[in-house]
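Sequence lines set the chain letters: A, B, ... in the order given, protein chains first and strands last, and positions in each chain run from 1.
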Amino acid sequence: QGNFHDAVIRVFVDLYHKKRPDGRGIIYRGKRLVNWDPHFETAISDLEVEQTEVAGHMWHFKYPLAGGATYDYVERDAEGRETLRETRDYISIATTRPETMLGDGAVAVHPSDERYAPIVGMLCEIPVGPKDQRRLIPIITDDYPDPAFGSGAVKITGAHDFNDYGVAQRNGIPCYRLMDTRAAMRSDGAPYAESAAVAQAAARGWLVRKGYVPAGFAEQPLTLDEAAVDALNLVPDELRGLDRLEARKRVVDAITAEGLAVMVPASDPRLGRVSASSAAPAGSAQEGAPDDSYEEGGTPPELSLVPLVEPKPIMQPHGDRSKVVIEPMLTDQWFVDTAKIVQPAIDAVRNGDTVILPERDAKVYFHWLENIEPWCISRQLWWGHQIPVWYGLPLDADGFHDDEGDDALDEVEMFRLLLETEGEPHHHCAARFEGVADAFRDDLASLPHPLNAASIVEVADRETAVERLAQSLADYTISQDPTHLVYPVWRDADVLDTWFSSGLWPIGTLGWPENTLEFQRYFPTSTLVTGFDIIFFWVARMMMMQLAVVGQVPFRTVYVHALVRDEKGKKMSKSLGNVLDPLDLIDEYGCDAVRFTLTAMAAMGRDLKLSTQRIAGYRNFGTKLWNACRFAEMNGVWEGHATQVAPPPATAIVNRWIIGETALVRAEVDAALAAYRFDQAADALYRFVWGRVCDWYVEFAKPLFDGPEAAETRHTMAWVLDQCMILLHPIMPFVTEELWQTTGTRATMLAHADWPAYGDDLTDAQAMREMRWVTGLIDEVRSARAQMHVPVGLKLDALAVGLDPVAQAAFARNEALILRLARLGGVTPADSVPKGAITVTVEGGTFAIPLGGIIDIAEEKARLAKTLEKLDRDMAGLRGRLANPNFLASAKEDVIDETREKLEQGDDEAAKLRAALSRLAEAG
RNA sequence: GGGUGGUUAGCUCAGUUGGUAGAGCGUCUCGUUUACACCGAGAAUGUCGGGGGUUCGAGUCCCUCACCACCCACCA
């Protein structure tokens with residue numbers, strides 16, 4: 001049996017070795033900007049960063065153009081009229097962190113910004129550091145700068161700002177690291193002059209590569225790799241080792257002293273001070289005219305000039321435990337080159353191999369995958385799957401693999417080089433140490449004797465490795481015994497992102513990489529049910545990884561459900577303390593009620609506000625079903641016949657009707673389930689059980705239990721209630737199982753019962769029509785009685801007036817039910833409606849209930865008038881539609897027919913109502 | 001700032017090729033009728049967020065504005 005850890009490690013190793021055309025593995029090592037805590041000297045996650053607003057400043061500085069170049073700087077207003085034109089030899093930038101200027105790799109402007117168009121592709125000078133070794137950086141375009149903010153130009157410091165990092169990545173600008181792990185200015189590496197010269201050459205090389213200047217511009221169009229960039233220390237010698245805030249102060253002072261700060265009149269409102277002009281009446285707009293001209297160095301009026309330093313609240317990241325300011329820092333991390341494996345995951349959903357429901361979540365899925373970024377999978381935690389990579393000291397240090405005659409180097413000298421070198425460590429990846437040990441041994445074998453005899457030893461970390469190597473070197477120097485030489489290697493201390501392993505859930509849980517029976521049987525899986533909040537984290541990763549590893553989609557359908565919110569619509573979270581514990585809800589309302597509620601609210605929305613009142617409502621529903629079954633049991637409906645799939649043959653119209661209704665709801669539930677509309681399934685069952693079975697069928701059955709159709713009715717009721725239990729079982733498993741086992745004699749548990757498959761042949765159109773008529777009549781009588789304040793207990797006699805044969809037959813067949821439920825004493829035919837009676841109109845006839853002295857004529861008039869008024873309104877609408885030639889021409893035939901039919905019925909009823917009203921008028 | 005979704009009865013929400021709005025809960029009235037007061041019978045309640053457009057017809061399609069929520073990024 002495979003275990004999950006084996007699967008995770010195996011996939012890492014496979015993807016590491018799966019090289020792409022560019023020679024890089026799908027998993028590779030690279031630099032990444034992380035939130036660095038200088039106190040604990042570790043990377044921390046976004047979630048551990050607290051954003052706090054602090055009072056900061058924004059400085060404005062001039063970056064002079066290289067070689068004294070100048071350009072016409074032109075500003076225009078919204079209408080395109082020129083508002084400023086001057087010749088400049090610099091570009092103005094703003095920053096809240098002047099110390100990071102040392103690491104600038106470029107100045108960026110928006111491609112549409114015409115003010116700077118003349119100087120794009122030129123070099124400008126970072127105005128700090130020794131005057132004769134100032135660094136030059138290119139002026140580039142990128143969408144990131146906002147032309148309306150500040151001067152519109154942004155300095156790009158890729159190693160110390162998340163936005164700048166993105167710009168640098170897109171444009172191939174180097175990210176120069178300025179600080180060490182304690183966030184002090186670096187003091188390692190070559191002197192400033194040397195490093196600056198290298199960076200200078202790289203900047204020229206960039207301009208050549210981008211085609212801004214001819215190749216001859218740079219003698220050596222230098223390209224630096226990431227490690228070389230990281231090794232450069234561009235901190236001027238006198239600032240090395242300083243704290244970042246101290247460095248900031250010195251940088252600002254130096255630039256200001258040199259006259260390269262942007263100067264403005266002391267009255268400038270941006271300085272945040274109260275001054276003479278800002279205190280002046282705000283009446284005349286001209287006086288407060290834009291003083292951009294001052295900012296950018298135009299001739300000021302009489303007032304003295306000061307550096308433009310705006311007080312500005314800034315959101316500063318702090319470590320939530322260390323409380324120190326977090327520094328964005330470039331570090332080595334492991335990545336999945338997602339761009340290389342993303343396409344199959346996009347295609348699979350596009351062509352329907354995997355379906356995401358609801359559809360809009362597929363949009364989210366596509367949007368994310370089509371804009372995918374490299375996935376950083378290493379984490380500096382001590383729990384998790386440890387990365388299966390081992391490092392050794394660099395074997396490509398100067399002179400080591402050099403075949404140009406450095407073989408003459410003393411072998412001991414070579415090992416010494418290993419100790420001193422700081423470049424990229426040499427590494428191998430394999431599932432187990434023995435595997436990488438062999439790989440390191442092969443590398444050593446190519447080295448001259450006696451180094452190739454060194455043995456591979458695993459140690460804890462790099463420091464230990466250096467110690468161990470030094471020690472073995474000392475041993476060897478004394479003993480001259482090559483077996484004393486060791487080449488220490490250590491394992492990467494990082495672990496994998498939890499989503500890397502979770503992304504392998506579909507195959508990892510089935511025993512892969514072993515070809516287990518479970519894997520053969522269950523992969524690919526059918527349906528993944530999950531929340532929309534982890535579509536990126538989990539679903540997209542599973543798709544990509546399964547396709548990359550085993551070449552198949554992990555599931556056919558992804559059903560994305562809503563998230564339960566609290567009553568105010570907030571996401572529940574432990575830290576907010578607004579969590580409704582499902583166990584508490586279950587204690588209070590029962591498991592089935594909670595489950596039914598969640599099901600009924602599982603529409604394909606995003607939010608689901610859980611209200612306890614609604615849970616209570618569905619708890620009542622469970623009780624209702626329970627009581628209906630209790631009633632059935634009291635009448636012995638389950639006695640004498642075994643549970644069966646097919647309904648009993650029925651002659652009573654009521655029984656035929658409810659059997660048909662059951663078949664209808666079964667079909668409705670199946671359709672809802674097939675469409676993942678669990679809410680519709682729950683709703684259909686609720687309406688059926690309560691609204692059809694309990695409200696009507698049980699009541700209809702009561703008189704039948706004493707009549708000739710008693711046996712058939714018992715049998716039918718048993719079958720109907722069994723169907724309710726079966727259909728409700730997935731949503732209310734406990735109540736239904738309990739009922740199932742305590743009512744009839746059952747062959748199996750309900751959980752094991754077959755899902756019904758009976759079809760439309762059970763529906764009896766004639767029975768459906770007739771029962772609709774019967775229930776309609778009862779509803780009308782009840783409504784009329786209630787509105788006329790007739791006491792419920794009072795049984796009244798009624799008259800049937802002008803019933804057509806169909807109505808007559810329907811009435812005759814169901815008389816007992818109607819009398820009982822409408823609380824009528826008896827119904828006799830009559831030719832006309834007498835005075836002082838209330839009128840009830842139904843299809844095919846009229847019923848009248850004489851009330852004698854009881855009737856309040858005014859009230860009955862009002863009741864009928866109100867009904868008639870609504871009916872007239874509706875009929876007017878229908879008539880208007882039918883009178884419209886455009887409607888007749890454009891609407892579909894069945895819609896027109898339906899409209900005509902409705903109008904006919906409505907007119908018929910309206911006529912009866914009018915007749916009743918006029919009789920009342922006579923009586924009154 | 002970018003993206004996604006939402007705005008329908010007092011509350012929570014349905015409304016899937018556009019045909020003239022529904023449910024549960026709550027409210028009000030009445031009620032011990034052979035299961036059920038966690039019940040029964042009845043009733044009231046909507047300019048379908050605002051505006052514009054397409055259409056014979058718009059809660060439904062298009063545009064626009066407002067507000068709310070969530071995800072992502074946060075301003076040199």
Please classify the nucleic acid contact of R614(A) as base, sugar-phosphate, or nothing, using heavy-atom distances under 4.0 Å.
base
Going by modelled atom types, is there a donor-acceptor pair between the base of rC38(B) and the side chain of R619(A) at under 3.5 Å?
yes
Using the side-chain heavy atoms of M601(A), tell me which of these nucleotides is nearest: rA76(B), rU12(B), rC36(B).
rU12(B)
Check whether the side chain of K902(A) and the base of rU20(B) form a donor-acceptor pair under 3.5 Å.
no
Kindly point out which of rU34(B), rC36(B), rU20(B) is positioned nearest to the side chain of R630(A)?
rC36(B)
Between the base of rU33(B) and the side chain of R820(A), is there any donor-acceptor pair under 3.5 Å?
no
Closest to the K624(A) side chain, choosing from rA76(B), rC39(B), rC30(B)
rC39(B)
So does W690(A) get a side-chain nitrogen or oxygen closer than 4.0 Å to the phosphate oxygens (OP1/OP2) of rG40(B)?
yes
Please state the P separation for the pair rC25(B) and rA41(B) - nearest whole angstrom.
12 Å
Using 30° and 60° as the class boundaries, would you call the ring planes of Y618(A) and F596(A) parallel, tilted or perpendicular?
tilted
So, do L871(A) and M875(A) sit near enough that their side-chain heavy atoms are less than 4.5 Å apart?
yes
C1' spacing across the pair rU20(B) / rU47(B), given as an integer number of angstrom:
15 Å
